[in-house]
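First up is the structure itself, then whatever we jot down about it.
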Amino acid sequence: MTSSRITQSEKNDVVGCPQCDWVSRLVSLSGNERAECPRCGYVLEHGRRTEHFTLVAIATSALVMLLASLSVDFIRYSAAGVEQSMTLLDTAWQLSYFHEKVLAVLVLLTVILIPFIYLVSLIWVYSHAKNAARNRSSLYLLRLTEHLKPWLMTDVFLLGTLVALVKISSLADIRLLEGFWSFSAFVVLLLFVYERAKHTPVWRHLIKTSQSAPDGQPGMTAFEQGMQTCPVCYALNSQNADTCYQCTEPQKTSLWRKPGTTVALIIAGAIMLIPAHWLPVMETVRFGNDQPSTIIGGVTELWQSGDKPIAAIVFVASLVIPVAKVLVLITLLILARWQTPQTVRHRLILFKLTDWIGRWSMIDIFVVAILVALVRSGSVMSVYPGSAAVSFAAAVVLTMLAAMSFDTRLFWREADK
């Protein structure tokens, strides 16, 4: 790193850290090397990359597995002489049938549509990455994939499926069909593409050195130089820029990353948690008897039936994580005004952990979706969505948005005072 001004041809190598706003200059990387922000340790770029053709091939394979899982049966169960099967799409259709259209849309988006759009976008981008011309459609799709990442919940859905099967394994015979195995293969391939795409940036292939690139100086923050860091491509832009000169991401959207927005979302999420844990999340009918089940009741039932590891997973994901996330975000907001260089790294790690585990709270919603789609044998045995399901899903989404609106750069600005 150097404190001298860089030449025009090197401007695109100077980037800002989206986590702490520190400006650094990227150098050529090879092998297992990676460029980290010297201030907070955020990984700005990886040296080990996957060939574009390989990523396209694997993403295409994942897409094929997703489409295959939609065309065949997912799971079959039999109980009391009644046999029933479901497809992956039934998880959304059945929720919609029982007038839970919000949950149906949420399941359809996070499990099928968003992963589909994500893969199609990546296939297009990496197929055109070698083009010399500036491709605006590729820029848009690459930005879109960055915004879709937090809502890819196929792995959470797969774990939710396994939890649902454990819950009814003592009441019925379960058979995993071709759709389940196709979907499992799709999840593995999607996770590989997701991880390798992070290590294989294509901005330098899509964009040539721009004369409109601001003259940033490494060794300072972008804020101190009257600039702002693009949260998508990390390029430096002037404070009054409407869009990023490099990736064309609107810069004014960063205005929502304010403490007031975060507080409002946290309060809304906390309010939604009250009915979510008080009301039944699903109702089971067995031979005419209605048995409502709350989230806590479901955990207790799993524990008493001997499935203690599954009970522990559901307890942590559905009870501990949502409440802890609200408390941690509130605490970090309060402590943001009292930072020191010694404490800021520890609080940043706590925030990153809280942000990462928040999505796993969706397990309970996916369990409900699976059981509602699979167990529908009339008065013999059927499962219906409870009134708490929408409240719990809203709490999960609101706390995720609260974490996204949390501006970690506040930590460092207070610590530098």
Side-chain angles (χ1 to χ4, degrees), residues 18-19 100-107 109-110 114 147-151 153 156 231 250 252-282 294-299 314-339 343-344 346-366 368 385-415:
Q19 189 167 265
E100 297 291 353
K101 291 182 172 56
V102 174
L103 289 181
V105 170
L106 183 62
V107 172
L109 283 174
T110 57
I114 289 179
H147 295 302
L148 293 179
K149 283 180 180 180
W151 308 104
M153 296 189 181
V156 183
K252 297 304 181 182
T253 56
S254 60
L255 294 176
W256 87 296
R257 297 181 65 188
K258 290 184 176 181
T261 304
T262 305
V263 170
L265 290 169
I266 291 174
I267 293 175
I271 293 174
M272 288 293 101
L273 284 177
I274 298 174
H277 290 107
W278 183 262
L279 301 174
V281 71
M282 67 179 181
T294 62
I295 294 176
I296 298 176
V299 172
V314 176
F315 176 76
V316 172
S318 303
L319 291 170
V320 176
I321 291 178
V323 176
K325 190 170 184 178
V326 169
L327 296 177
V328 169
L329 288 177
I330 291 176
T331 303
L332 290 177
L333 275 175
I334 295 174
L335 295 179
R337 296 187 177 276
W338 295 280
Q339 301 288 348
T343 61
V344 66
H346 297 88
R347 292 171 183 172
L348 187 58
I349 292 174
L350 179 60
F351 168 77
K352 291 168 66 176
L353 177 62
T354 304
D355 182 33
W356 179 80
I357 65 176
R359 59 196 290 272
W360 290 94
S361 297
M362 283 293 293
I363 284 180
D364 247 324
I365 300 302
F366 293 145
V368 172
S387 52
V390 174
S391 298
F392 187 78
V396 175
V397 172
L398 287 169
T399 52
M400 287 181 64
L401 291 173
M404 293 177 191
S405 69
F406 195 102
D407 192 352
T408 56
R409 295 172 298 182
L410 293 175
F411 289 157
W412 301 96
R413 289 175 187 173
E414 294 297 331

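Owing to the predicted nature of the structure, the values given are computational and were not obtained by experimental measurement. Counting begins at 1 with the first residue of the sequence.
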(message) Checking S405 against T262: is there a side-chain donor and acceptor pair closer than 3.5 Å?
(response) yes
(message) Please enumerate all residues that pass side chain to side chain donor-acceptor pair (under 3.5 Å) together with T399, with sequence neighbours excluded.
(response) none
(request) Identify, with sequence neighbours excluded, every residue that meets ring pair (Phe, Tyr, Trp, His ring centres under 6.0 Å) alongside F351. (result) F406
(message) Within this structure, what is the CD1-CG distance for the pair I349 and L353, rounded to the nearest 0.5 Å?
(response) 9.5 Å
(request) Report the distance from atom CD of E100 to atom CG of L106, rounding to the nearest 0.5 Å. (result) 11.5 Å
(message) For the CG atom of L398 and the CG atom of L265, what is their distance to the nearest 0.5 Å?
(response) 6.0 Å
(request) Identify the two heavy atoms, one from A388 and one from A276, that lie closest to each other, and give their separation to 0.1 Å. (result) CB-O, 3.5 Å
(message) Quick check: closest heavy atoms across A403 and K325, and the distance to 0.1 Å?
(response) CB-CE, 4.0 Å
(message) Looking at every non-hydrogen atom in both residues, tell me the closest pair between A402 and L329 and how far apart they are.
(response) CB-CD1, 4.0 Å
(message) Could you check whether any side-chain N or O of H277 sits under 3.5 Å from a backbone N or O of S318, counting only pairs where one atom can act as donor and the other as acceptor?
(response) yes
(message) Would you compute the distance between atom CD1 of I321 and atom CD1 of I357 and round it to the nearest 0.5 angstrom?
(response) 4.0 Å
(request) Please tell me if the side chains of K258 and D407 come closer than 4.5 Å, counting only heavy atoms from C-beta onward. (result) no
What side-chain donor-acceptor pairs closer than 3.5 Å can you find for residues 389-397, not counting sequence neighbours?
none

(message) I'd like to check the side chain to side chain contact (heavy atoms under 4.5 Å, CB included) partners of V263; sequence neighbours left out, ordered by chain and number.
(response) I267, L333
(message) Test side chain to side chain contact (heavy atoms under 4.5 Å, CB included) on W151 and R359; report intermediate values, then the result.
(response) CA-CA 8 Å; W151 308 104; R359 59 196 290 272; over 6 Å; no
(message) Test side chain to side chain contact (heavy atoms under 4.5 Å, CB included) on V320 and F315; report intermediate values, then the result.
(response) CA-CA 7 Å; V320 176; F315 176 76; 3.4 Å; yes
(request) Applying side chain to side chain donor-acceptor pair (under 3.5 Å), name anything that partners K352, two or more places apart in sequence or on another chain. (result) none
(message) Show the nearest heavy-atom pair for residues P18 and T408, with the distance to one decimal.
(response) O-OG1, 4.4 Å
(request) Can you spot which of V156, L103, T110 makes a side-chain contact (heavy atoms from CB on, under 4.5 Å) with I365? (result) L103
(request) Taking the side chain as every heavy atom from C-beta outward, state whether S387 and P275 have any pair of such atoms under 4.5 Å apart. (result) no
(request) Any chance you could measure L348, atom CG, to L332, atom CG, to the nearest 0.5 Å? (result) 9.5 Å
(message) Which residues pass the side chain to side chain donor-acceptor pair (under 3.5 Å) test with T354, not counting sequence neighbours?
(response) none
(request) Enter the distance from M404:CE to D355:CG here, rounded to the nearest 0.5 Å. (result) 7.0 Å
(message) A side-chain contact here means heavy atoms from C-beta on lying under 4.5 Å apart; do W360 and M153 qualify?
(response) no
